There are 2 protein chains.
Amino acid sequence: MARAARKKLKEAPEKTTRIQEINRRLILDAALDVFSTYGFRGTTIDQIAERAGMSKPNLLYYFPRKQNIYVTLLEETLTEWLAPLAEIDAEGDPIEQLRKYITLKINMSETHPEASRLFANEILHGAPAISDFLTKYLKPLVDEKAGVIRRWVGEGKLAPVDPYHLIFMIWATTQHYADFDVQVRAIMGSQVGRPGFKEQTAQAVLSIILNGIRPRD
Amino acid sequence: MARAARKKLKEAPEKTTRIQEINRRLILDAALDVFSTYGFRGTTIDQIAERAGMSKPNLLYYFPRKQNIYVTLLEETLTEWLAPLAEIDAEGDPIEQLRKYITLKINMSETHPEASRLFANEILHGAPAISDFLTKYLKPLVDEKAGVIRRWVGEGKLAPVDPYHLIFMIWATTQHYADFDVQVRAIMGSQVGRPGFKEQTAQAVLSIILNGIRPRD
DNA sequence: CTGCATTTTGACCAAGTAGTCAAGTTTTTG
DNA sequence: CAAAAACTTGACTACTTGGTCAAAATGCAG
């Protein structure tokens with residue numbers, strides 16, 4: 001009994017060794033690549049294991065279920081992905097704040113397209129793994145920022161616009177370049193890779209949205 | 001030999017019987033529901049067969065491969081999905097033409113969200129089945145309409161804006177409501193179902209985009 | 001109504017894949 | 001440095017799933 005108690009005590013803090021840390025990272029990085037390309041069902045554990053450079057049983061030693069990897073990955077990236085929204089400052093200049101937000105989002109789409117695709121895929125399939133997150137964490141955050149935008153509109157600092165639809169519009173346009181990359185490339189061809197393409201994109205998106213919401217006389 | 005020739009002749013017109021017509025329709029309708037929800041890999045033939053109300057071997061009698069159903073479905077809906085773009089009239093009033101286009105797209109997102117999700121999923125995963133379509137059919141069409149928009153800009157009828165990014169923006173914002181429906185619902189809750197929601201959405205999107213591209217003094 | 005063509009299906013197979021296990025290897029620790 | 005703990009893996013199992021097949025049922029033309 002004393003032994004059992006000690007064992008339980010030892011397990012509780014769930015200590016992580018150096019090797020665990022390294023391998024979990026390797027697995028999650030590999031999993032992001034594969035899941036974001038093939039989706040949950042389309043991804044096999046073998047694929048992830050191979051990309052992570054370890055055997056399948058070894059991978060399963062760290063994450064006993066495929067689901068575990070997927071959910072861990074989603075949780076890990078979601079907060080980071082939403083960070084820019086939280087940074088919108090109610091006291092700042094509306095147009096400047098939104099310019100900053102849009103710019104940040106376009107940069108994220110460019111630097112972490114896998115994260116964007118991972119979410120897009122999850123939502124597209126009905127968000128089975130993160131519907132809780134959406135209502136418990138995302139909704140309150142969006143509600144708060146929608147309040148800020150509504151206030152700005154009330155003060156005449158922005159044209160009358162529904163704050164929720166504005167936020168959706170920003171998400172849609174910025175993430176489009178990550179999620180629909182293949183389509184963008186099929187249409188714009190070699191331009192996409194060229195230096196300055198991201199700036200051109202940012203310029204176009206900012207120009208339309210900001211002029212679209214600038215207060216009109 | 002004569003018999004073989006006759007047989008070949010008979011196969012060539014690929015006559016479709018009444019039963020074939022009915023069953024192909026049943027299968028494709030069922031497949032659209034399932035594929036658009038679970039994606040290609042996430043869908044099983046059994047699921048489609050069950051929803052179509054027939055046995056799996058029977059379904060395979062009409063479409064020998066899973067791929068066949070999927071590709072047929074994509075081809076069948078793609079043209080229809082792009083039809084509104086083709087209707088943009090170079091001789092019409094720019095703002096009016098774009099208003100009409102955006103409105104049509106929002107309506108389609110509302111009435112055929114499955115079609116939107118089917119494409120979104122396909123593109124998200126790298127468009128393995130329709131990359132040819134994108135370059136051979138979609139690109140020329142977009143190039144043509146981009147030319148029209150560019151001309152409008154040149155004539156001062158629209159604010160200076162990159163036509164390709166404008167088109168992407170319209171696609172992104174309108175399809176967002178179909179593809180990310182779960183997220184929209186998680187955030188806007190009961191509002192989504194309410195009558196008038198579609199109109200409110202259209203109003204918000206039109207207001208921002210049209211004001212964003214209206215020529216400025 | 002009769003015989004041929006079309007349609008339908010139960011039973012089956014082969015491949016792929018999530019997850020197990022016991023036996024080995026390496027790392028940590030007292 | 002020796003024992004314990006942590007880590008690693010080849011071989012395997014159970015199950016899912018795309019697709020086959022032969023035989024039965026149904027539809028239809030003459």
Side-chain angles (χ1 to χ4, degrees), chain A residues 2-28 30-31 34-35 37-73 128-129, chain B residues 2-28 30-31 34-35 37-73 128-129:
Chain A
R3 195 170 299 180
R6 173 155 351 149
K7 198 181 174 204
K8 206 168 182 187
L9 214 63
K10 210 174 178 182
E11 276 174 5
E14 197 64 47
K15 73 168 178 187
T16 24
T17 69
R18 181 182 54 89
I19 296 178
Q20 271 169 36
E21 214 162 301
I22 293 170
N23 283 344
R24 278 174 175 271
R25 190 69 272 139
L26 279 173
I27 293 168
L28 289 172
V34 189
F35 278 135
T37 309
Y38 302 104
F40 182 75
R41 286 287 304 267
T43 294
T44 71
I45 300 184
D46 290 272
Q47 273 177 294
I48 305 176
E50 196 192 328
R51 192 171 208 107
M54 69 185 69
S55 69
K56 178 167 68 167
N58 198 16
L59 181 149
L60 287 164
Y61 172 74
Y62 294 100
F63 294 90
R65 312 270 144 196
K66 188 183 172 184
Q67 267 279 344
N68 296 158
I69 317 175
Y70 187 67
V71 172
T72 305
L73 199 55
Chain B
R3 194 170 298 181
R6 176 162 344 153
K7 198 182 174 201
K8 206 169 181 184
L9 213 63
K10 208 175 179 181
E11 276 172 4
E14 197 63 49
K15 72 166 180 186
T16 25
T17 69
R18 182 183 53 90
I19 297 179
Q20 272 167 35
E21 214 163 302
I22 293 171
N23 283 343
R24 279 173 175 272
R25 191 69 271 138
L26 279 174
I27 293 168
L28 289 172
V34 188
F35 278 135
T37 309
Y38 303 104
F40 181 75
R41 287 288 303 268
T43 294
T44 69
I45 300 184
D46 290 272
Q47 273 178 293
I48 304 176
E50 197 192 329
R51 193 173 210 105
M54 68 185 70
S55 69
K56 177 166 69 165
N58 198 15
L59 180 150
L60 286 164
Y61 172 75
Y62 294 100
F63 294 89
R65 311 269 144 195
K66 188 183 173 185
Q67 267 279 343
N68 295 158
I69 315 175
Y70 187 66
V71 172
T72 305
L73 200 54

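Numbers restart at 1 for each chain; the letters A, B, ... are given by sequence-line order, proteins then strands. What you see is a predicted model, and the numbers here were worked out from it, not measured in a lab. All heavy atoms count here, side chains included; hydrogens, waters and symmetry mates do not.
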Per-nucleotide protein contact along nucleotides 20-30 of chain D, 5' to 3', at a 4.0 Å heavy-atom cut-off (B base, S sugar-phosphate only, - neither), is BB------S--

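Following rounding to the nearest Å, Leu59(B) (CG) and dG18(D) (C1') show an atom-to-atom distance of 12 Å. One can place CE of Met54(A) at 17 Å from P of dT26(C), the figure rounded to the nearest angstrom. Gln20(B) places its CD atom 8 Å from the P atom of dT6(C), with the value rounded to the nearest Å. Atoms CZ (Phe63(B)) and P (dT7(C)) sit 13 Å apart, rounded to a whole Å. Whole-Å rounding puts the Ile69(B) CD1 to dT17(D) C1' distance at 13 Å. Regarding Phe35(B), its CZ atom lies at a distance of 12 Å from the C1' atom of dG18(D), rounded to whole Å. Computed from coordinates, the Asp46(A) CG to dG16(C) P distance equals 11 Å when rounded to whole Å. Put simply, CD1 on Ile45(A) is 5 Å from C1' on dA18(C), counting in whole angstrom units.
The shortest distance between side-chain heavy atoms of Met54(A) and Ile27(A) falls below 4.5 Å. At least one side-chain heavy atom of Ile69(A) sits less than 4.5 Å from a side-chain heavy atom of Leu59(A). Residues Gln67(B) and Phe40(B) have side chains in contact (heavy-atom distance under 4.5 Å, counting atoms from C-beta outward). The shortest side-chain heavy-atom distance between Leu28(A) and Phe63(A) falls under the 4.5 Å cut-off. Counting heavy atoms from C-beta on, the side chains of Leu60(B) and Lys56(B) come closer than 4.5 Å.
In terms of the side chain to side chain donor-acceptor pair (under 3.5 Å) criterion, Arg65(A) has no residue partners (sequence neighbours excluded). By the side chain to side chain donor-acceptor pair (under 3.5 Å) test, Tyr62(B) is found to be paired with Asn23(B), residues two or more places apart in sequence or in another chain being considered.
Closest to the Thr17(B) side chain, of the nucleotides dT9(D), dT7(C), dT9(C), is dT7(C). In the set dT8(C), dT8(D), dG19(C), the nucleotide with an atom closest to the side chain of Tyr61(B) is dT8(C).
Mapping Lys66(B) and Tyr62(A) onto DNA chain D via the closest heavy atom, the residue that lands nearer the 5' end is Tyr62(A).
Residue Asn58(A) places no side-chain N or O under 4.0 Å from the OP1 or OP2 atom of dC7(D).
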